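Below you'll find the structure, written out as structure tokens, and then a few comments.
Note that the structure is a prediction, hence the values are computed from the model and not measured.
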Amino acid sequence: MSMYGRDPWGGPLEIAADSATDDDRSRNLQDYDRAALSRPLDETQQSWLLGPGEQKKKKYVDLGCIIVSRKIFVWTVGTILAAGFLAGFITLIVKTVPRHHHRPPPPDNYTLALNKALMFFNAQRSGKLPKHNNVSWRGNSCLNDGKSESSPLFKDLIGGYYDAGDAIKFNFPQSFAMTMLSWSVIEYSAKYEAAGELNHVKDIIKWGTDYFLKTFNHTADSIDRIVAQVGIGDTSGGPEPNDHYCWVRPEDIDYARPVTECSSCSDLAAEMAAALASASIVFKDNKAYSQKLVHGAKTLFKFSRDQRGRYSVGNEASIFYNSTSYWDEFVWGATWLYYATGNSSYLQLATTPGIAKHAGAFWGGPYYGVLSWDNKLAGAQVLLSRMRLFLSPGYPYEEILRTFHNQTSIFMCSFLPYYTSFNRTKGGLIQLNHGAPQPLQYVVNAAFLATVFSDYMKAADTPGWYCGPHFYSADVLREFAQTQMNYILGKNPRKMSYVVGFGNHYPKRVHHRGASIPKNKVRYNCKGGWKWRDSKKPNPNTIVGAMVAGPDRHDGFHDVRTNYNYTEPTLAGNAGLVAALVALSGDTNVGVDKNTIFSAVPPMFPTPPPPPAPWKP
């Protein structure tokens with residue numbers, strides 16, 4: 001008897017009777033094995049047959065926080081190792097191969113001249129000099145200024161700047177110089193930074209404003225007098241020692257230096273207010289100092305409005321720096337105070353048609369559009385045109401601002417060679433003072449105004465402007481400025497640079513006491529220095545960066561120390577020079593800073609115009 005069942009190995013299973021022989025059983029088992037091996041086994045069956053054996057490699061890698069494919073893991077690690085090896089190999093090559101440094105392009109002539117022009121102010125410093133003054137032949141000087149005065153307010157008048165080749169401190173042109181420097185910093189701080197001169201020019205401005213704060217009671221809200229001048233230069237009264245009769249180094253001055261005060265000096269006070277207000281924008285990041293300057297500017301401007309008069313009436317300032325009017329300073333000072341404070345009362349004053357009329361905005365004249373230490377109307381017109389271009393304040397300011405903008409366009413046209421408002425020398429120098437001596441101070445101011453107005457138009461996406469029926473690109477104004485500045489830097493018939501120390505051919509006998517007397521430990525008295533004044537030899541000290549008065553109307557120039565109309569530099573002239581140079585320097589794609597000057601100006605929401613008058617039949 002036999003039994004049949006399912007063979008777990010895949011074939012029929014027959015269980016024979018016990019009577020089968022051993023040989024039969026052996027043959028049957030062999031048959032079973034061949035039958036089992038004839039079909040594939042799954043994993044379970046293999047485990048039954050083979051028992052515990054070698055396990056297959058895992059297809060995944062457990063990284064703890066993530067499980068990734070073994071193949072991806074291997075590729076990733078290999079790639080990282082290969083990349084690291086490649087990076088190290090490249091680094092090794094870079095470090096071992098000789099380097100070829102690509103130097104930046106050399107500075108342009110305007111930047112080189114700018115570096116030198118600022119040094120002139122270091123040479124003009126009065127008082128106890130800082131360690132970093134960097135003018136080897138200068139030292140501390142006039143440390144008793146103000147101490148002999150009876151007034152307790154002005155006992156300390158140490159500091160500030162000497163005006164020119166003498167040692168007088170004239171506040172009127174000095175404050176104009178500081179205003180021009182501040183304006184140039186506000187517009188072109190990025191260019192000063194690129195030239196490495198931003199901190200330097202700010203130090204120069206602060207040296208001036210610190211001194212101005214000593215010349216009136218800057219903590220008061222109302223004042224009744226200010227200092228106009230320290231030292232005297234009038235030689236008509238006889239051979240008494242003073243800053244013009246004597247030819248001595250400032251460090252050796254031992255004669256009295258009287259202080260001139262004024263109580264009716266609107267022009268001076270308003271100009272000093274402009275200097276402090278503009279500087280407050282330069283130092284806006286120093287809040288305490290900026291607020292001190294703003295408060296002083298407000299006090300000065302109030303004084304200028306309350307006690308009317310020209311500062312140069314009845315004193316020697318009429319000989320050297322005579323002011324022809326104070327109305328232009330009202331517009332100029334009010335404009336700067338508006339930008340410094342955002343107080344609309346200053347803007348209302350600056351845009352009052354009656355004040356503009358008194359300042360000469362509507363009647364032209366031979367000096368219309370000529371910016372100088374005496375007349376700031378052209379500068380104020382450009383500043384107010386800026387407001388119209390960028391802020392468009394609308395009513396009630398639009399009408400007068402449009403007038404100022406049109407007037408600015410007109411005098412910009414007068415600078416162009418196509419018009420005959422101003423003659424030019426054969427060498428190309430524009431005669432803004434109509435052939436009178438000392439022309440360069442006016443030329444540099446015009447070059448600055450032309451460049452900054454051109455940059456305003458570009459920043460406002462305005463391609464140009466009209467001169468009558470003719471349209472001119474904004475680039476034409478920059479070209480005008482470049483031709484004038486190139487003349488000053490040496491592109492003229494004499495091939496002479498009128499900036500001392502720039503180029504190889506420049507004036508060597510500058511009308512300047514400190515530069516003409518050697519620093520040889522010899523103290524020369526009042527007349528003892530005359531031999532240096534009258535010497536035909538070049539100055540022993542180079543007053544780097546000084547722009548001399550300039551050539552005559554025939555491009556002629558006499559390098560003679562005693563002729564100040566050719567060889568004397570001034571603060572006001574060098575301030576215009578610095579402003580024009582920085583405006584033209586560096587990358588031409590870097591224009592004005594549109595917003596800094598408006599930092600204190602609140603958002604302007606134009607007032608709706610008044611309704612029309614009622615209709616009458």
Side-chain angles (χ1 to χ4, degrees), residues 183 186-187 274 327-339 342-365 367-371 375-416 419 421 446 448-474 476-477 591-592 594-595 597-598 600-613:
W183 187 5
I186 293 166
E187 301 287 10
W327 296 100
D328 55 296
E329 279 84 14
F330 280 167
V331 182
W332 175 249
T335 301
W336 278 115
L337 271 163
Y338 175 67
Y339 284 144
N343 187 329
S344 61
S345 65
Y346 293 116
L347 180 59
Q348 291 167 7
L349 193 150
T351 55
T352 300
I355 294 178
K357 179 181 178 182
H358 286 303
F362 306 118
W363 52 265
Y367 298 99
Y368 192 76
V370 179
L371 175 63
N375 195 327
K376 290 90 180 185
L377 177 63
Q381 288 168 321
V382 171
L383 278 173
L384 291 169
S385 298
R386 187 193 213 282
M387 179 184 297
R388 182 171 186 257
L389 282 167
F390 296 138
L391 297 186
S392 300
Y395 183 86
Y397 307 110
E398 170 59 21
E399 184 176 354
I400 186 66
L401 290 181
R402 183 174 64 247
T403 300
F404 283 143
H405 193 173
N406 290 339
Q407 292 165 346
T408 300
S409 298
I410 290 171
F411 71 71
M412 289 294 167
C413 296
S414 72
F415 294 158
L416 304 184
Y419 297 88
S421 301
F448 172 70
L449 291 185
T451 307
V452 79
F453 189 65
S454 172
D455 285 343
Y456 288 170
M457 288 192 284
K458 289 181 179 179
D461 295 323
T462 302
W465 85 112
Y466 279 95
C467 294
H470 303 291
F471 182 83
Y472 292 100
S473 165
V476 172
L477 285 175
V592 294
K594 287 176 60 174
N595 300 318
I597 200 170
F598 300 132
V601 175
M604 305 192 78
F605 302 103
T607 305

How far does [atom1] of [X] sit from [atom2] of [Y], to the nearest 0.5 angstrom?
{"X": "H405", "Y": "I410", "atom1": "NE2", "atom2": "CD1", "value": "11.0 Å"}
{"X": "F415", "Y": "C467", "atom1": "CZ", "atom2": "SG", "value": "11.5 Å"}
{"X": "K376", "Y": "E329", "atom1": "NZ", "atom2": "CD", "value": "3.5 Å"}
{"X": "S409", "Y": "Q381", "atom1": "OG", "atom2": "CD", "value": "10.5 Å"}
{"X": "Y338", "Y": "T335", "atom1": "OH", "atom2": "OG1", "value": "10.5 Å"}

Practice item. Would you sort out whether N375 and Y367 count as a side chain to side chain contact (heavy atoms under 4.5 Å, CB included), showing the intermediate values? Key: CA-CA 9 Å; N375 195 327; Y367 298 99; over 6 Å; no

Point to revise | Residues forming a side-chain hydrogen bond (donor to acceptor under 3.5 Å, both in side chains) with Y456, sequence neighbours excluded | key: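 Counting only residues at least two positions away or on another chain, Y456 forms a side-chain hydrogen bond (donor to acceptor under 3.5 Å, both in side chains) with E187, R386.
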
[Y] and [X], any side-chain heavy atoms less than 4.5 Å apart:
{"X": "F448", "Y": "W183", "result": "yes"}
{"X": "F471", "Y": "W465", "result": "no"}
{"X": "V382", "Y": "M412", "result": "yes"}
{"X": "W336", "Y": "I597", "result": "yes"}
{"X": "L477", "Y": "F453", "result": "yes"}
{"X": "H470", "Y": "Y419", "result": "yes"}
{"X": "W332", "Y": "L383", "result": "yes"}
{"X": "P393", "Y": "M387", "result": "yes"}

**Study point:** Test side-chain contact (heavy atoms from CB on, under 4.5 Å) applied to S421 - qualifying residues, sequence neighbours left out
**Key:**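 S414.
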
Exercise for review: Check L401, T408, L389, T403 against L384 for a side chain to side chain contact (heavy atoms under 4.5 Å, CB included) and give me the one that passes.
Suggested key: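 Passing option: L401.
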
Check your understanding: Distance-only, no hydrogens or angles: does the S473 side chain make a donor-acceptor pair with backbone N or O of G464 under 3.5 Å?
Key ->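 No; zero donor-acceptor contacts below 3.5 Å.
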
Check your understanding: Is there a donor-acceptor pair under 3.5 Å between the side chain of D455 and the backbone N or O of V592?
Key ->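 Answer holds: no.
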
Point to revise | Working for side chain to side chain contact (heavy atoms under 4.5 Å, CB included), residues K594 and F390 | key: CA-CA 8 Å; K594 287 176 60 174; F390 296 138; 4.0 Å; yes

Donor-acceptor contacts, no H, no angles, side chain residues 348-363, under 3.5 Å, sequence neighbours left out:
from: T351; atom 1: OG1; to: L347; atom 2: O; distance (Å): 2.7
from: T351; atom 1: OG1; to: Q348; atom 2: O; distance (Å): 3.4
from: T352; atom 1: OG1; to: Q348; atom 2: O; distance (Å): 2.7
from: T352; atom 1: OG1; to: L349; atom 2: O; distance (Å): 3.3

